[in-house]
Amino acid sequence: MPRVTSRFRLASLALAALAVAPLCSVQAQTKAPSPSKTPAQTSSPLTTRLDGSANVYRDAVGQVAGCALRVVGVEPLPAPREVLRATDLSLLIGVDSFLEGGSALVGASSYEATPAALRTNQPTTPLQVSDGWLQAAGGERTRALGGQQQPNPSQPNTYTYRTAALPALDVINAALTEREVDAGVQRAGETRPEVLRARLTMPAAERQSLLDCMNALAGRARAQVKPAAR
């Protein structure tokens, strides 16, 4: 029977102009694997702007079924190219992310686009990526469980995989507490990954929506666990 992991961490939320309760996030009981010494760990992050947005998924009866955080960063390319290169990553948290052994879904993509195309969410040139991750300051990066990527026929240019829940929950907490986050992608043909670092720029309403969504999922996870017999 699934059970909620025994250790909870309360995120102390100091959100400007918001009166919110702390978010309860769950830490996995098993120790996360140590990061391998890959180029991703030796690349110097580029300090830039990262924009965050939230999305809430509900089931047929209206209950919160998933919380998504999207992180997008852009860098200008050298003149005379009047385009931007974007790093675009998403996390999807479900009820099982709060249960022992739970996971989260990561999607990573990169593309080039004009400023106008970016504003209308219409990338012009998709770039193939072989890895992508998010990492909260001081935490572990997200990485594919068992090294397995999950094909996504509807989004062939997106690298999709399941990660252990703890690194994903750390990123959510970082977004809510305005701590720095790293967003990285490894593009095809490039010898080193690109890693962008920033505190996420998010409207107050987006942060509140993400907080409410995560608390709703945590409540559903607790409700699924029967009290231990005495």
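Throughout, residue positions are numbered sequentially from 1 according to the sequence presented. As the structure is a computational prediction, the values presented were derived from the model and not from experiment.
Looking at every heavy atom in both residues, A174 comes nearest to V181 through CB-CG2, 3.7 Å. Pairing each heavy atom of C67 with each of M214, the nearest pair is SG-N, 3.5 Å. Summarising the geometry of C213 relative to V64, their closest heavy-atom pair is SG-CG1, 3.5 Å, with the distance given to 0.1 Å. Residues P203 and G52 share a closest heavy-atom pair of CD-O, 4.4 Å. Of all heavy-atom pairs spanning V129 and S110, the tightest one is CG1-CB, 3.8 Å. Closest approach of G132 and L89 over heavy atoms only: C-CD2, 3.7 Å.
Here the CH2 atom belonging to W133 is positioned 9.0 Å from the CG atom belonging to D182, to the nearest 0.5 angstrom. Rounded to the nearest 0.5 angstrom, L92 CG and L69 CG are separated by 10.5 Å. Rounding to the nearest 0.5 angstrom, the gap separating the CG atom in L118 from the CG atom in D51 is 10.5 Å.
Residue L127 is not grouped with residue V74 when hydrophobic side chains (ILVMFWY) are merged at heavy-atom distances under 4.5 angstrom, including chains of intermediate members. Both V95 and L211 belong to a common hydrophobic cluster when Ile, Leu, Val, Met, Phe, Trp and Tyr are linked at side-chain heavy-atom distances under 4.5 angstrom. Criterion: ILVMFWY side-chain heavy atoms under 4.5 Å apart, direct or through other members. Under it, L105 and L210 are not part of a common hydrophobic cluster.
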**OP:** Applying side-chain contact (heavy atoms from CB on, under 4.5 Å), run through Y159 and V185 and close with a yes or a no.
**Re:** CA-CA 10 Å; Y159 181 86; V185 292; over 6 Å; no

**OP:** Evaluate side-chain contact (heavy atoms from CB on, under 4.5 Å) for L84 paired with Y111, printing each intermediate quantity in order.
**Re:** CA-CA 8 Å; L84 301 170; Y111 44 85; over 6 Å; no

Original post:
Would T87 and V72 count as a side-chain contact (heavy atoms from CB on, under 4.5 Å) if you check the C-alpha gap in whole Å, the side-chain angles of each, and the deciding distance to 0.1 Å?
Top reply: CA-CA 6 Å; T87 295; V72 180; over 6 Å; no

**OP:** Begin from the C-alpha positions of Q63 and R220 and carry the test side-chain contact (heavy atoms from CB on, under 4.5 Å) through to its verdict.
**Re:** CA-CA 9 Å; Q63 285 189 303; R220 289 194 66 181; 3.5 Å; yes

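With 3.5 Å as the limit, one finds no donor-acceptor pair spanning the side chains of T47 and R197.
Within the 4.5 Å cutoff, no side-chain heavy atoms of E140 are placed close to those of L166. Using a 4.5 Å heavy-atom cutoff, the side chains of E180 and L50 are not in contact. Within the 4.5 Å cutoff, the side chain of Y57 has no heavy atoms near those of the I93 side chain. By the 4.5 Å heavy-atom criterion applied to side chains, L46 and V195 are not counted as neighbours. You'll find the side chain of Y161 stays beyond 4.5 Å of the side chain of L145, heavy atoms only. Using a 4.5 Å heavy-atom cutoff, the side chains of V106 and S90 are not in contact. Counting only heavy atoms from C-beta outward, the side chains of D170 and I172 never approach each other to under 4.5 Å.
With hydrogens and angles ignored, the 3.5 Å screen pairs a side-chain donor or acceptor of Q135 with a backbone N or O of G139. S103 places no side-chain N or O within donor-acceptor distance of the main-chain N or O of A165, the cut-off being under 3.5 Å. With R179 contributing its side chain and A136 its backbone, the two residues share no donor-acceptor pair below 3.5 Å. For R49 (side chain) and A198 (main-chain N/O), no donor-acceptor pair under 3.5 Å exists by modelled atom type. D59 contributes a side-chain N or O that, together with a main-chain N or O of G62, makes up a donor-acceptor pair within less than 3.5 Å. Side chain of E206 to backbone of A54: a donor-acceptor contact under 3.5 angstrom is found. A side-chain donor-acceptor contact under 3.5 Å links T142 to the backbone of L134. Without hydrogens or angle criteria, T177 side chain to N173 main chain gives a donor-acceptor distance under 3.5 Å.
Salt bridge status for R70 with D88: present, with a side-chain N to carboxylate O gap under 4.0 Å. Ion pairing of R199 with E178 is absent here, as no side-chain N (NZ or NE/NH1/NH2) approaches a carboxylate O to less than 4.0 Å.
The salt bridge (Lys or Arg N to Asp or Glu O under 4.0 Å) test with D131 is passed by exactly one of R143, R141, R187: R141.
A 6.0 Å sphere centred on CD of E190 holds more than 12 heavy atoms belonging to other residues, nucleotides or ligands.
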